[in-house]
Colleague: 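Provided herewith is a single structure, encoded as C-alpha cells, for subsequent inquiry.
Residue numbers run from 1 in the order of the sequence given.
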Amino acid sequence: MGFCLKHANNGVWYGCFSHFDKTLITHAVSTRIGGISKAPFSTLNLGLHTGDDIESVCNNRRIFCEALGIDFDSIVTAEQIHGSDVAQVFTTELGKGAKDYSEALKGVDALITNISNLPLMLFFADCVPVLLFDPINKAIGVVHAGWKGTVAKISQKTVLSMREKFGTNPGDCIVGIAPSIGPCCYEVDEYVANQFKIQFDRGDEILTPHNSKWKLNLWAANLMQLEEVGVLKENIKISGVCTSCNKELFFSYRAENGRTGRMGAVISLK
Ligand SMILES: [Zn+2]
C-alpha cells in the first residue's frame with residue numbers, strides 16, 4: 001500500500017505514505033475527521049482564511065499536530081497565492097503563520113528546509129499536495145499545486161531549489177502526491193487545457209476530451225514534471241484518492257461550491 005489512513009488516539013484520521021522513512025521524518029495529510037469546526041467547515045478545518053472561526057481553526061491545528069507528535073507553535077505556513085515561488089525556511093521563521101495568516105510566508109506556494117523540528121504545513125481543498133524528502137542530504141519540501149502551480153511546474157521548481165540549496169540529487173528524492181481532485185472530476189475549459197498543451201510535451205496524456213471541455217489529470221502532470229528533472233518514477237507515490245469523490249472524508253472546493261474548509265499537509269525532519 002502506497003498510501004493509507006491512520007487513526008490517532010485523539011480521534012483524528014490522517015493519511016500517510018508508506019515509502020517515507022518514519023524514523024527520519026514525520027509527515028501526514030489531514031482528513032476532515034476529528035476537529036471541532038461546524039458546517040460547512042466540519043470538522044477538522046485547518047485553513048485560517050476560509051471564513052471559519054479563527055479560534056476553532058487554531059484548535060484544530062493543535063489537535064492535528066498533537067495526533068502526529070508535532071509542536072503546533074513551531075509550524076511554518078505560506079500565504080499560497082497559486083504562484084510557483086519556493087521559500088527556504090530557517091529557524092528564525094519558526095511558528096510563522098501557525099496562528100495568524102498575516103504572518104504566513106508571503107508570496108510562496110512551496111516550502112523547503114533542512115532543519116530538524118521545523119514542520120512545514122500547507123493547506124488544500126482539491127489542489128494537489130506534494131511532499132518531498134531527500135533522505136541523503138536530510139532535506140524536505142511541501143508544495144501547493146493547483147492548476148496554475150502545476151502548469152508553472154512548481155513541483156519541479158521545488159526539487160531544483162532543493163538541489164541548489166541542499167545538494168539534493170533528484171534521483172534520491174522520495175515523493176508523495178496526496179489526495180486532491182482527480183482526473184475523474186477535474187473538468188477544465190479550453191483555456192486551461194491549452195496552457196497544459198503548451199507546457200507539457202506529453203500534454204495529450206494528461207487531458208481527456210469531455211463534452212465540450214476537458215478532464216485534467218493534475219497527479220500525472222506533477223509526476224511528469226518531476227520525472228523531467230530526474231526524480232525516479234518508482235520513488236513517486238500517488239495516493240489516487242479524489243477529494244471531490246470523497247467529500248465526506250476530505251474538503252473539496254469544487255464539490256462544495258467553494259464553501260468548505262482546508263486539509264493540511266505537513267512534513268518535518270526529526
Ligand atoms: Zn473524483
Side-chain angles (χ1 to χ4, degrees), residues 2-6 8 12-20 22 25-35 44-50 57 60-70 72 74-80 82 86-87 89 96-98 101 104-105 108-113 118-133 139-146 149-150 154-155 158-159 162 173-182 218-219 222-223 226 236-243 246 249-253 260-269:
F3 178 82
C4 65
L5 289 182
K6 295 192 173 182
V12 168
W13 282 88
Y14 62 93
C16 51
F17 291 94
S18 56
H19 66 319
F20 282 120
K22 313 288 187 296
I25 58 165
T26 301
H27 81 284
V29 183
S30 66
T31 65
R32 58 190 301 166
I33 299 169
L44 193 69
N45 173 30
L46 300 180
L48 283 169
H49 59 300
T50 51
V57 174
N60 287 336
R61 287 184 176 186
R62 197 181 298 278
I63 291 166
F64 179 50
C65 288
E66 185 187 281
L68 307 169
I70 283 175
F72 161 64
S74 300
I75 65 168
V76 181
T77 72
E79 187 182 14
Q80 299 183 213
H82 292 279
V86 183
V89 181
K96 288 277 185 193
Y101 179 65
L105 302 191
V108 297
D109 284 81
L111 302 172
I112 59 171
T113 195
L118 192 51
L120 311 178
M121 194 184 292
L122 297 178
F123 305 97
F124 306 83
D126 289 340
C127 289
V128 183
V130 182
L131 295 162
L132 303 143
F133 175 44
I140 53 171
V142 60
V143 180
H144 166 248
T150 301
I154 187 171
S155 293
T158 305
V159 170
M162 289 172 69
C173 255
I174 309 294
V175 181
I177 298 178
S180 37
I181 195 163
L218 289 173
W219 303 334
N222 278 283
L223 180 138
L226 289 165
I236 305 172
K237 292 273 188 287
I238 297 176
S239 79
V241 178
C242 170
T243 44
N246 296 281
L249 195 52
F250 299 102
F251 296 108
S252 174
Y253 192 89
T260 192
R262 297 290 181 277
M263 40 196 264
V266 65
I267 188 162
S268 181
L269 276 170

Colleague: For Val175, does its backbone N or O pair with a side-chain atom of His19 as donor and acceptor, under 3.5 Å?
Modeller: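 Such a contact is found between His19 side chain and Val175 backbone.
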Colleague: Flag the pair Trp13 / Ser30 as yes when at least one side-chain heavy-atom distance between them is below 4.5 Å, and no otherwise.
Modeller: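 Trp13 does not reach Ser30 side chain to side chain.
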Colleague: What class does the angle between the rings of His49 and Tyr101 fall in, given that below 30° is parallel, 30 to 60° is tilted and above 60° is perpendicular?
Modeller: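 Because their plane-to-plane angle is under 30°, the rings of His49 and Tyr101 count as parallel.
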Colleague: Look up atom CD1 in Ile75 and atom CZ in Arg61, then write down how far apart they are to the nearest 0.5 Å.
Modeller: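 Spacing of CD1 (Ile75) from CZ (Arg61) equals 5.0 Å.
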Colleague: State, with a plain yes or no, whether a side-chain heavy atom of Met162 is found less than 4.5 Å away from one of Leu132.
Modeller: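 A side-chain contact exists here, since the closest heavy-atom pair is under 4.5 Å.
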Colleague: On a heavy-atom basis, which atom in Asn60 and which in Gly35 lie closest, and how many Å separate them?
Modeller: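 Closest pair (atom of Asn60, atom of Gly35, distance): OD1-CA, 3.3 Å.
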Colleague: Is Val89 close to Ile112 at the side-chain level, that is, under 4.5 Å between some pair of heavy atoms?
Modeller: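 Answer no - side chains too far apart.
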Colleague: Contact between Thr31 and Tyr14 at the side-chain level, heavy atoms closer than 4.5 Å - yes or no?
Modeller: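 The answer is no, as the side chains (C-beta and beyond) never meet within the 4.5 Å cut-off.
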Colleague: Looking only at non-hydrogen atoms, find the nearest pair between Lys22 and Cys16 and report the distance.
Modeller: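 Heavy atoms of Lys22 and Cys16 come nearest at CE-SG, 4.4 Å.
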Colleague: For Thr77 and Leu48: C-alpha separation, side-chain torsions, deciding distance, then whether side chain to side chain contact (heavy atoms under 4.5 Å, CB included) applies.
Modeller: CA-CA 11 Å; Thr77 72; Leu48 283 169; over 6 Å; no
Colleague: Any non-hydrogen side-chain atom of Ile267 less than 4.5 Å from a side-chain atom of Ile25?
Modeller: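 They are in contact (side-chain heavy atoms under 4.5 Å apart), so the answer is yes.
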Colleague: Using the side-chain contact (heavy atoms from CB on, under 4.5 Å) definition, which of the options Thr158, Asp109, Leu111 pairs with Val86?
Modeller: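 Filter result, single survivor: Thr158.
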Colleague: With sequence neighbours left out, write down each residue that passes salt bridge (Lys or Arg N to Asp or Glu O under 4.0 Å) with Arg32, or none if nothing qualifies.
Modeller: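 By the salt bridge (Lys or Arg N to Asp or Glu O under 4.0 Å) rule, Arg32 matches Glu256.
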Colleague: I need the minimum non-hydrogen distance between Ser268 and Ile140, along with the two atoms involved.
Modeller: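 Heavy-atom minimum between the residues: CA-CD1, 3.8 Å.
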Colleague: To the nearest 0.5 Å, tell me how far Ile181 CD1 sits from Cys242 SG.
Modeller: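 SG of Cys242 is found 5.5 Å from CD1 of Ile181.
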Colleague: State, yes or no, whether a side-chain contact exists between Ile236 and Leu226 at a heavy-atom distance under 4.5 Å.
Modeller: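 Side chain of Ile236 against side chain of Leu226, heavy atoms only: contact under 4.5 Å found.
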Colleague: If you look at every heavy atom in Ile154 and Ala145, which pair is closest and at what distance?
Modeller: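 What the structure gives for the nearest pair is CG2-CB, 3.9 Å.
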Colleague: Please confirm whether the backbone N or O of Cys4 pairs with a side-chain atom of Lys6, one donor and one acceptor, at under 3.5 Å?
Modeller: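 A pair under 3.5 Å: no.
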Colleague: Taking the side chain as everything from C-beta on, heavy atoms only, tell me whether Thr26 gets closer than 4.5 Å to Val266.
Modeller: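 The answer is no, as the side chains (C-beta and beyond) never meet within the 4.5 Å cut-off.
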Colleague: Sub-3.5 Å donor-acceptor pair from the side chain of Asn45 to the main-chain atoms of Arg262, do we have one?
Modeller: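 Here the side-chain-to-backbone pair exists.
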Colleague: Could you give the distance from CZ (Phe250) to CD1 (Ile33), rounded to the nearest 0.5 Å?
Modeller: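 With rounding to 0.5 Å, CZ (Phe250) is 8.5 Å from CD1 (Ile33).
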Colleague: When rounded to the nearest 0.5 angstrom, what is the spacing between OG1 in Thr150 and CH2 in Trp219?
Modeller: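 Between atom OG1 of Thr150 and atom CH2 of Trp219 there are 12.5 Å.
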Colleague: Would the distance check show the side chain of Gln80 and the main-chain N or O of Phe123 forming a donor-acceptor pair, the cut-off being under 3.5 Å?
Modeller: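 At least one qualifying donor-acceptor pair exists.
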Colleague: With side chain to side chain contact (heavy atoms under 4.5 Å, CB included) as the test, would you mind laying out the steps for Leu218 and Ser180 before giving the verdict?
Modeller: CA-CA 9 Å; Leu218 289 173; Ser180 37; over 6 Å; no
Colleague: State whether the side chain of Asp126 and the backbone N or O of Tyr253 hold a donor-acceptor pair below 3.5 Å, judged by distance alone.
Modeller: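 Yes, the answer is positive, given that a donor and an acceptor are paired below the 3.5 Å cut-off.
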Colleague: What are the two closest non-hydrogen atoms of Ala28 and Leu68, and how far apart are they?
Modeller: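 Looking at all heavy atoms of both residues, the closest pair is CB-CD2, 3.5 Å.
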Colleague: For Ala178, what residues pass the side chain to side chain contact (heavy atoms under 4.5 Å, CB included) criterion, not counting sequence neighbours?
Modeller: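 Listed in chain order: Phe17, Val29, Pro129.
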Colleague: Quick check: closest heavy atoms across Met263 and Leu46, and the distance to 0.1 Å?
Modeller: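 In terms of heavy atoms, the two residues are closest at C-CD1, 4.3 Å.
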Colleague: Less than 4.5 Å apart, side chain to side chain, heavy atoms only: is that true for Cys127 and His82?
Modeller: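 With C-beta onward as the side chain, the pair touches.
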